[in-house]
Amino acid sequence: MPFESAGCHPGLAATREAAWEWAESEGLDLSVPARRKMIRTRPELWISLIFPNATQEHLDLFCQWLFWAFLVDDEFDDGPAGRDPRVCEAAIARLVDVLDGAAPNGPMERALAGLRERTCAGRSPQWNRQFRRDTAAWLWTYYAEAVERVSGQVPSRAEFVKHRRDSVAMQPFLCLHEITAGIDLTDSARSLPAYIALRNAVTDHSGLCNDICSFEKEAALGYEHNAVRLIQRDRGCTLQEAVDEAGIQLARVAERVLRAERELIEEIEAAGIEGPTREALERCVQDYRGLVRGDFDYHARAERYTRPDLVERDQRDSLSRHFAA
């Protein structure tokens, strides 16, 4: 890990309390196993490591997004909806409709509608387009995985890299970074090849780091959409050999972050970008290293990843009620 830690937000405890109060107010009544899993997941830790300098208001809001996203993730990775493509399609389509402004039904949809309103109001059209694209793309990856799971298919490693870029859900949080950083990238800035490469490298690092740390937990649940598992299947190697190769790949992704930073500075100069747009892009270069390091540190500290022996195999039947009308 070549990047230094930017520290942890001092408001972590307050954000944890606010997240659980928010969940209760939204009617997200977690079962006992689901509650234990969320406590071990520690969404407040990830947010506090990723955004150590955010206002408390932003930290609370972003943590509630993450709390909601982990509920979605656990439902479709581990729960019954992720094993029935028709149920999955209907649930995801409803969530995307609510993201687009449809009236919500049920606690998960109502929670999403509230988060959307508090987050997107007052943001520019270009920011809203990017955030909508990234969030919807993440949600639809669960449907793709459900179909592949039922059909007995697994993606190639090259296909999985592209899929994981959306499925890890880091892209929407790069949009949220703009809020706490006080910036709003133009469409031209978002279209710079090096900015796209930087965004992809940050996201790829998060996905691969997550897969390395999640492998044992996901293997216990029979979950195949994991880079370590795909390396093991592809090479016919031992688990340790697959983990070692994934670790080498992770270091190479960190090098891609550094290369994209350099190339983005060169492109800013070549395009003659000045003023607020230049300042916004330079802020991304400045902050994205901290996002990569914070994500890396989180995976080494949260029991969701450090204690695969605590997997709740009896949780699957208790999840779908969150999506009921």
Side-chain angles (χ1 to χ4, degrees), residues 1-22 41-70 115-116 118-124 126-128 130-131 134-135 168-186 189-190 194-195 198-206 209-210 253-254 257-258 260-262 264-265 268 275-302:
M1 171 48 60
F3 308 133
E4 294 184 4
S5 171
C8 189
H9 198 289
L12 181 152
T15 287
R16 177 177 61 242
E17 183 177 352
W20 284 98
E21 290 176 352
W22 166 83
T41 296
R42 301 184 68 189
E44 72 282 351
L45 175 62
W46 190 84
I47 286 294
S48 297
L49 289 168
I50 294 296
F51 300 121
N53 300 311
T55 65
Q56 191 67 46
E57 179 184 5
H58 286 156
L59 196 74
D60 291 351
L61 174 61
F62 300 165
C63 185
Q64 290 156 27
W65 267 110
L66 187 59
F67 192 111
W68 183 87
F70 272 123
L115 290 169
R116 180 205 66 216
R118 292 162 57 202
T119 304
C120 299
R123 297 300 298 175
S124 69
Q126 57 266 27
W127 185 91
N128 276 294
Q130 184 74 53
F131 184 69
D134 292 338
T135 306
V168 74
M170 175 62 94
Q171 302 261 17
F173 284 92
L174 294 183
C175 294
L176 296 182
H177 162 263
E178 294 183 45
I179 295 178
T180 195
I183 61 177
D184 198 328
L185 293 173
T186 62
R190 297 180 195 281
Y195 174 72
L198 178 59
R199 215 173 195 263
N200 287 344
V202 170
T203 301
D204 291 350
H205 194 281
S206 178
C209 183
N210 183 285
V253 177
V257 173
L258 294 170
E261 288 178 350
R262 294 191 297 269
L264 181 55
I265 297 300
I268 290 171
T277 300
R278 184 187 185 107
E279 293 172 4
L281 287 167
E282 289 175 343
R283 181 63 186 270
C284 293
V285 171
Q286 172 188 325
D287 290 353
Y288 280 13
R289 287 188 180 193
L291 269 68
V292 172
R293 177 57 187 263
D295 179 76
F296 180 84
D297 289 346
Y298 164 76
H299 282 90
R301 293 171 60 179

Flag side-chain contact, heavy atom, 4.5 Å: Cys284 against Ile183: yes
Rounded distance [0.5 Å steps], OG1 in Thr119 versus NE2 in His58: 9.0 Å
Could you give the distance from CH2 (Trp46) to CG (Asp295), rounded to the nearest 0.5 Å? 6.0 Å
Side chains of Leu49 and Arg301, heavy atoms from C-beta outward: is any pair under 4.5 Å? yes
Measure the CZ-CH2 distance between Arg116 and Trp65 for me, rounded to the nearest 0.5 Å. 8.5 Å
Test salt bridge (charged side-chain N to carboxylate O under 4.0 Å, His left out) applied to Arg293 - qualifying residues, sequence neighbours left out: Asp297
Residues two or more places apart in sequence or in another chain: which of them pass ring-ring contact (aromatic ring centres under 6.0 Å, His included) with Tyr195? none
Restricting to pairs with a member in residues 174-186, which pass side chain to side chain donor-acceptor pair (under 3.5 Å), not counting sequence neighbours? Ser124-Asp184, His177-Asp287, Glu178-Arg190, Thr186-Ser188
I'd like to check the ring-ring contact (aromatic ring centres under 6.0 Å, His included) partners of Phe51; sequence neighbours left out, ordered by chain and number. Phe62
For Glu282, all residues meeting salt bridge (charged side-chain N to carboxylate O under 4.0 Å, His left out), sequence neighbours excluded: Arg278
Nearest 0.5 Å please: distance from the OH atom of Tyr288 over to the CG atom of Leu198. 6.5 Å
Please list, chain by chain and in numerical order, all residues satisfying side chain to side chain donor-acceptor pair (under 3.5 Å) with Arg289, sequence neighbours excluded. Glu261
Specify the closest pair of heavy atoms between Leu185 and Gln126, including all atoms of both residues, with the distance to one decimal. O-CG, 3.4 Å
By side chain to side chain contact (heavy atoms under 4.5 Å, CB included), which residues pair with Arg118, not counting sequence neighbours? Trp22, Leu61, Gln64, Leu115
Testing the basics here: between Gly7 and Pro52, what is the closest heavy-atom pair and its distance to 0.1 Å? O-CB, 3.6 Å
Thr277: partners by side chain to side chain donor-acceptor pair (under 3.5 Å), with sequence neighbours left out: none
Heavy atoms, side chains only, cut-off 4.5 Å: are Gln130 and Arg123 in contact? no
Close side-chain approach of Phe3 and Val257, heavy atoms under 4.5 Å: yes
Give, for atom CD of Gln56 and atom CG of Leu12, the distance between the pair rounded to the nearest 0.5 Å. 9.5 Å
Is the count of non-hydrogen atoms from other residues, nucleotides or ligands lying under 6.0 Å from Glu57 atom CD greater than 12? no
From Leu174 atom CG to Thr203 atom OG1, the distance as rounded to the nearest 0.5 Å: 5.0 Å
Hey, does Met170 have a side-chain heavy atom less than 4.5 Å from the side chain of Asn210? no
Check: His9 side chain, Ala54 main-chain N or O, donor-acceptor pair, under 3.5 Å: yes
Could you work out, with side chain to side chain donor-acceptor pair (under 3.5 Å) as the rule, every residue matching Glu44, not counting sequence neighbours? none
Results of side chain to side chain donor-acceptor pair (under 3.5 Å) for Arg262 - residues two or more places apart only: none
Pro43: partners by side chain to side chain contact (heavy atoms under 4.5 Å, CB included), with sequence neighbours left out: Met38, Thr41, Cys63, Leu66, Phe67, Phe70
Heavy-atom side-chain contact between Arg199 and Cys175 under 4.5 Å: yes
Quick one: salt bridge (Lys or Arg N to Asp or Glu O under 4.0 Å) pairs with a partner in residues 60-70, sequence neighbours left out? none
